[in-house]
Amino acid sequence: MKQYRVGIIGATGMVGQRFALLLAEHPWFKVTTLAASSRSAGKTYREAVGSRWAFEDQPMPEALADIIICDATADIEKIAASVDFCFCAVDMKKDEIRALEEQYAKAECPIVSNNSANRFTPDVPMIIPEINPEHLEVIAAQKARLGTKRGFIAVKSNCSIQSYVPALHPLRKFGIKSVLACTYQAISGAGKTFARWPEMVDNLIPYIGGEEEKSEQEPLKVWGKVEGGEIVKAESPCITTQCLRVPVADGHTAAVFVNFEQKPTIEEIKAAWAAYAGEPQSLQLPMAPKQFIHYFEEPDRPQARLDRMLEGGMAVSVGRLREDRMFDYKFVCLSHNTLRGAAGGAVELAELLAAKGYFD
């Protein structure tokens, strides 16, 4: 695989910092450009981040520390000319992000976005690489709309759905009718640490703005089909969610309840999870976990502190599968929200795009 020159737009935030860590030693991608707000522009990466570096156990990569930050909104043409593609993880209003990402795409710079702004744009693929890689086909229609040759936008899904949708996906062959999912989401999902959000110590907040709508609707786009140059959402299953912020540093947990049209056995469900692999596994992408879904037989697993870093934080853990009185089955899932759910998932998406020639 050739080496690609990569930019990180929004490099100073928590997800941008996670991108920096993941890409510092990446075999295919070399970070050559960092961009952030006008407040950071002109400073070195080390100066711009300062005391806001979020990862106490992992220092800022030395290879990136002295890169001069570009202005993400004023230097679009300069950035686009210096890279093969960019990751985007900016902290702006949604309409501003949508416009910014389109500006980069129209400047012939492909964008792999961590942001939610373009997730429901009909011709923008929202990819969980192991689940719906075929949605990349819609990029041709998006390029036609934007009038570009190379430029396009591809996004990853919300971090919360990547705890439970991977576990549901192999079970769709049994006809999923309805799903109830309660997610217990780590504070890093809000871009925070306990040092910067002491109010979360010994606390739980039963509300995350916009999260329940995303959690109920995004799976239907992931399970949709490409028709007429856009992604048409699936009509089923019916999904209802509640999303809570909990005092956990990293790792989103989901309690899942599901009804089927043809109720499988427990053994059939476990076998479906164990056998499931996607295109990242067959392509042996660098970020891809060897086993996408891990099932724990222990009654007290998965646990965030013990299991969130499974396979470099890119695997999904499942446990406590049992029958239920109101639903057919219930189980618990866990994924690392800033790895599988955010920067790591976006890097895996970029690897998939690279392997399929979308950056060439």
Side-chain angles (χ1 to χ4, degrees), residues 128 130-132 157-186 204 206 208 211-224 233-244 246 248 251-278 281 289 291-304 306-308 310-311 314-337 340-341:
I128 300 175
E130 281 85 356
I131 292 178
N132 61 329
S157 71
N158 190 38
C159 52
S160 68
I161 77 166
Q162 299 197 53
S163 58
Y164 58 89
V165 166
L168 291 170
H169 186 69
L171 310 182
R172 293 183 73 217
K173 62 186 177 182
F174 303 115
I176 297 174
K177 287 196 300 184
S178 56
V179 176
L180 163 63
C182 294
T183 60
Y184 305 87
Q185 301 185 204
L204 180 152
I208 304 171
E211 201 76 358
E212 285 155 6
E213 180 185 9
K214 296 175 194 172
S215 298
E216 293 170 357
Q217 293 300 315
E218 287 190 19
L220 300 179
K221 181 171 180 179
V222 169
W223 287 327
K233 289 195 305 181
E235 294 183 357
S236 63
C238 176
I239 303 172
T240 186
T241 67
Q242 288 216 96
C243 301
L244 295 81
V246 295
V248 171
H252 287 356
T253 299
V256 184
F257 303 77
V258 58
N259 277 323
F260 294 96
E261 292 171 7
Q262 301 101 34
K263 183 179 177 181
T265 65
I266 285 179
E267 290 71 25
E268 286 174 324
I269 292 174
K270 289 180 181 179
W273 285 334
Y276 189 78
Q281 284 70 42
Q291 180 71 33
F292 183 40
I293 301 168
H294 290 249
Y295 185 78
F296 286 91
E297 294 289 352
E298 296 90 334
D300 61 349
R301 302 282 287 278
Q303 293 181 29
L306 297 180
D307 304 313
R308 61 194 171 203
L310 195 62
E311 298 216 42
M314 291 298 291
V316 175
S317 303
V318 188
R320 301 204 70 207
L321 172 64
R322 59 224 192 272
E323 292 193 68
D324 184 67
R325 290 180 212 167
M326 294 181 65
F327 289 79
D328 289 334
Y329 289 103
K330 55 189 171 185
F331 50 87
V332 174
C333 306
L334 168 73
S335 66
H336 196 301
N337 55 295
R340 163 55 65 180

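Values below: all heavy atoms of this structure, side chains included; hydrogens, waters and symmetry mates excluded. For clarity, every value in this text was computed on a predicted model and none was experimentally measured.
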**OP:** State, yes or no, whether a side-chain contact exists between Y329 and V256 at a heavy-atom distance under 4.5 Å.
**Re:** no
**OP:** Under the side chain to side chain donor-acceptor pair (under 3.5 Å) rule, collect the residues that match up with Q281, sequence neighbours excluded.
**Re:** E130
Original post:
Mind checking what makes side chain to side chain contact (heavy atoms under 4.5 Å, CB included) contact with E212, not counting sequence neighbours?
Top reply: T241, Q242, C243
Original post:
Would you say L220 and E235 make side-chain contact, with heavy atoms under 4.5 Å?
Top reply: no
Original post:
Do T253 and T183 come within less than 4.5 Å of each other through their side chains, counting heavy atoms only?
Top reply: no
**OP:** Give a yes or no on whether E213 atom CD has more than 12 heavy-atom contacts from other residues, nucleotides or ligands under 6.0 Å away.
**Re:** no
**OP:** List the atom of P237, the atom of S178, and the distance in Å for their closest heavy-atom pair.
**Re:** CB-N, 4.1 Å
Original post:
Rounded to the nearest 0.5 Å, what separation is found between the SG atom of C238 and the CG atom of L180?
Top reply: 10.0 Å
Subject >> Inter- and intrachain pairs under ring pair (Phe, Tyr, Trp, His ring centres under 6.0 Å), touching residues 255-278, at least two apart >> reply: H169-Y276, F257-F327, W273-Y295, W273-F331
Original post:
Which heavy atom in I269 sits nearest to a heavy atom in P264, and how many Å separate them?
Top reply: CG1-CG, 3.6 Å
Subject >> Contacts of K221 that satisfy salt bridge (Lys or Arg N to Asp or Glu O under 4.0 Å) - sequence neighbours left out >> reply: none
Original post:
So do H252 and C333 actually touch side chain to side chain, heavy atoms under 4.5 Å?
Top reply: no
Original post:
Can you tell if the side chain of E311 reaches within under 4.5 Å of the side chain of F292, non-hydrogen atoms only?
Top reply: no
**OP:** Go through the structure and list residues passing side chain to side chain donor-acceptor pair (under 3.5 Å) with Q217, not counting sequence neighbours.
**Re:** K233
**OP:** Apply side chain to side chain donor-acceptor pair (under 3.5 Å) to S317 and list each qualifying residue two or more places apart in sequence or on a separate chain.
**Re:** none
**OP:** Return yes if some donor-acceptor pair links the side-chain N/O of E261 with the main-chain N/O of K177 below 3.5 Å, else return no.
**Re:** no
Original post:
For the residue pair A186 and N337, what are the closest heavy atoms and their distance?
Top reply: CB-OD1, 3.8 Å
Original post:
Between Q185 and L244, does a side-chain contact (heavy atoms from CB on, under 4.5 Å) hold up when you go through it step by step?
Top reply: CA-CA 6 Å; Q185 301 185 204; L244 295 81; over 6 Å; no
**OP:** Compare every heavy atom of R308 with every heavy atom of L334, then report the nearest pair and how far apart it is.
**Re:** CD2-N, 3.8 Å
**OP:** Check salt bridge (Lys or Arg N to Asp or Glu O under 4.0 Å) between K270 and all other residues, then give those that pass, not counting sequence neighbours.
**Re:** E297
Subject >> Point-to-point distance, once rounded to the nearest 0.5 Å, from CD1 of I161 to OG of S335 >> reply: 10.0 Å
Subject >> With sequence neighbours excluded, residues passing salt bridge (Lys or Arg N to Asp or Glu O under 4.0 Å) with K263 >> reply: E323
**OP:** Answer whether the closest heavy-atom distance between the side chains of I239 and S215 falls below 4.5 Å.
**Re:** no
Original post:
Does L168 reach the side chain of I176, with side-chain heavy atoms less than 4.5 Å apart?
Top reply: yes
**OP:** Give the C-alpha distance, both sets of side-chain angles, the deciding distance and a yes or no for side-chain contact (heavy atoms from CB on, under 4.5 Å) between V179 and T240.
**Re:** CA-CA 6 Å; V179 176; T240 186; over 6 Å; no
Original post:
Which heavy atom in P170 sits nearest to a heavy atom in P166, and how many Å separate them?
Top reply: CD-O, 2.9 Å
**OP:** Kindly determine whether V318 and Y164 satisfy side-chain contact (heavy atoms from CB on, under 4.5 Å), including the steps that lead there.
**Re:** CA-CA 9 Å; V318 188; Y164 58 89; over 6 Å; no
**OP:** Spell out, as yes or no, whether a donor-acceptor pair under 3.5 Å connects the side chain of D328 to the backbone of D324.
**Re:** no
Subject >> Heavy-atom closest contact (Q291 atom, A274 atom, distance) >> reply: NE2-O, 3.0 Å
Original post:
What distance do R340 atom CZ and S163 atom OG have between them, rounded to the nearest 0.5 Å?
Top reply: 11.5 Å
Original post:
By side chain to side chain contact (heavy atoms under 4.5 Å, CB included), which residues pair with E298, not counting sequence neighbours?
Top reply: F296, D300, R301
**OP:** For S236, enumerate each residue passing the side chain to side chain contact (heavy atoms under 4.5 Å, CB included) test, keeping only those at least two apart in sequence or located in another chain.
**Re:** none
Original post:
side chain to side chain donor-acceptor pair (under 3.5 Å) with N158: which residues, sequence neighbours excluded?
Top reply: S160, E211
Subject >> Within-4.5 Å side-chain heavy-atom neighbours: H294 and V316 >> reply: no
**OP:** With sequence neighbours excluded, tell me which residues meet salt bridge (Lys or Arg N to Asp or Glu O under 4.0 Å) with R320.
**Re:** none
